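Input: a single structure, listed below in structure tokens.
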There are 2 protein chains.
Amino acid sequence: MNKAQATTRIQKRNVAIIAEAALEVFSSHGFRGATVDQIAKEAGLSKPNLLYYFPSKEAIHGHLLATLMDTWLDPLRDLDPEGEPLDEVLAYVHRKIEISRSQPRESRLFANEILQGAPRILPMLKGELKDLVDEKAEVIRGWMAAGRLAPADPHHLIFSIWSLTQHYADFDVQVRAVLGPGVADPLIDAESYLVTLFTRMLSPG
Amino acid sequence: MNKAQATTRIQKRNVAIIAEAALEVFSSHGFRGATVDQIAKEAGLSKPNLLYYFPSKEAIHGHLLATLMDTWLDPLRDLDPEGEPLDEVLAYVHRKIEISRSQPRESRLFANEILQGAPRILPMLKGELKDLVDEKAEVIRGWMAAGRLAPADPHHLIFSIWSLTQHYADFDVQVRAVLGPGVADPLIDAESYLVTLFTRMLSPG
DNA sequence: GCATTGTTTGACCAAAAGGTCAAAGCCACG
DNA sequence: CGTGGCTTTGACCTTTTGGTCAAACAATGC
């Protein structure tokens with residue numbers, strides 16, 4: 001593929017097709033578990049053709065992670081210091097649940113990366129992510145200090161939101177196995193459970 | 001290796017060494033990401049020697065999973081229907097946190113397996129695990145009906161305990177990256193946060 | 001309609017990885 | 001102290017896999 005600009009129509013289309021296929025394969029087999037042949041087959045392209053658009057398997061994976069990271073932080077960014085505290089937190093929970101519903105593969109891709117020790121995105125976690133979390137934790141701490149939320153460790157509050165919402169994407173198989181075949185969408189009940197949980201946790205007084 | 005009984009001293013020792021090495025390698029690289037050579041090296045044995053004790057890479061992995069499953073359910077089994085409801089739930093949270101602290105590799109091994117779609121343990125999830133969870137969920141539902149716990153979906157309550165406690169083992173890298181180098185053991189603060197969380201969530205009245 | 005640039009692929013390569021085997025080494029016990 | 005079974009290993013085999021390359025095949029612009 002050519003160097004910088006000048007992406008043709010075909011390039012745009014095929015890069016998108018490959019990314020979609022790679023997301024499917026990487027998210028369900030992990031980086032090492034995925035093969036380039038698998039991705040190529042999923043994308044409906046030949047392997048050399050795929051490697052014409054990305055220089056290596058690593059590069060495809062990196063591309064996915066970069067794209068993901070770009071949108072992964074948005075829901076937290078949207079936490080508004082000027083808003084009503086409990087509403088803001090619940091809205092954040094809601095946004096995260098929507099992501100687990102609409103982008104479970106992205107969530108699993110991310111989970112895989114972290115589980116392996118985050119070899120490729122550790123700098124980003126220590127930098128961009130930490131900065132954002134620290135900033136929003138400070139906002140929450142302010143709300144608590146003002147008596148507008150019940151006191152609790154803001155960092156662990158954020159961790160608990162991540163953990164609980166992503167659980168339904170990452171551990172989907174287990175959730176469904178335990179709930180049984182009668183439950184079509186575990187996230188529906190999960191959402192009202194989580195609203196209750198965080199409301200009781202954070203309501204002042 | 002020989003067939004059924006008659007495990008010699010050396011066999012016992014080497015099987016244990018291999019299991020330990022394999023846990024280390026599988027938990028940090030996943031099944032596909034781990035290589036037999038890596039495990040052999042970690043165990044301080046030659047590859048053929050390792051394959052003298054286990055017939056295949058698959059078999060080692062299966063052995064680990066089976067061993068793990070055996071102890072994985074114990075903390076939930078110990079939830080006592082005759083105990084004080086809130087204390088029982090908090091004690092369960094405590095046990096799960098202890099496991100995240102003492103057996104993070106086992107937790108990651110399990111997480112890896114679920115993330116890949118639980119190919120090897122799905123039957124167990126749908127059988128043994130579901131049965132146990134249903135049973136304990138019924139106990140919790142009884143407590144709630146009797147007004148001894150605030151009402152909430154018992155299944156999702158259990159999921160939330162799993163999710164929150166395992167998060168600190170599985171996503172350890174992320175937690176540490178965000179908290180920064182000043183925090184030695186995130187689980188200390190996590191435990192008091194979680195006690196608060198479930199106390200507020202479940203206290204009746 | 002042709003030259004230039006972009007796209008696709010069959011054939012191929014080297015390295016990695018799971019696994020085998022025969023032979024050698026070791027150990028326990030009569 | 002020697003024999004039979006247990007343990008260990010170097011060498012080897014096969015398959016999988018990431019990646020290359022030259023040549024064929026489109027598309028685009030003049």
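Treat the numbers as computed from the prediction; the structure is a model and nothing was measured. Just so it is clear: chains get the letters A, B, ... in the order the sequence lines come, proteins before strands, and each one is counted from 1.
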So which of residues 19-30 of chain A are in contact with DNA chain D, with a heavy-atom cut-off of under 4.0 Å?
none
Looking at residues at least two apart in the chain, or sitting in another chain, which of them share a ring-ring contact (aromatic ring centres under 6.0 Å, His included) with [X]?
X	value
His155(B)	none
Phe159(A)	His156(A), Trp162(A)
His61(A)	Phe26(A), Phe31(A)

Interatomic distance, [X] [atom1] vs [N] [atom2] [rounded to whole Å]:
X	N	atom1	atom2	answer
Lys12(A)	dT7(C)	NZ	C1'	17 Å
Tyr53(B)	dC6(D)	OH	P	11 Å
Phe54(A)	dG18(D)	CZ	P	16 Å
Leu45(B)	dT9(D)	CG	P	7 Å
Lys41(A)	dT16(D)	NZ	C1'	15 Å

Lys41(A) atom NZ, neighbour heavy-atom count above 12 within 6.0 Å
no
If only atom types and distance count, is the side chain of Arg200(A) paired as donor or acceptor with the main-chain N or O of Ser203(B) below 3.5 Å?
no
Quick one: does Arg108(A)'s side chain have a donor or acceptor within less than 3.5 Å of a partner on Asp170(A)'s backbone?
no
Carboxylate-amine/guanidinium contact Arg101(B) Glu98(B), below 4.0 Å
yes
Would you tell me if any nitrogen or oxygen in the side chain of [X] comes within less than 4.0 Å of OP1 or OP2 on [N]?
X	N	answer
Asn14(B)	dT8(D)	yes
Gln11(A)	dG6(C)	no
Tyr52(B)	dT8(D)	no
Asn49(A)	dT7(C)	no

So, using salt bridge (charged side-chain N to carboxylate O under 4.0 Å, His left out) as the criterion, who are the partners of Lys126(A) when residues are at least two apart?
none
Residue pair Pro154(A) / Ala137(A): nearest heavy atoms and the distance that separates them
CB-O, 3.5 Å
Protein-to-nucleotide contact annotation, 5' to 3' order, nucleotides 12-30 of chain C [B base; S sugar-phosphate only; - none; under 4.0 Å, heavy atom]
-----SBBBB------S--
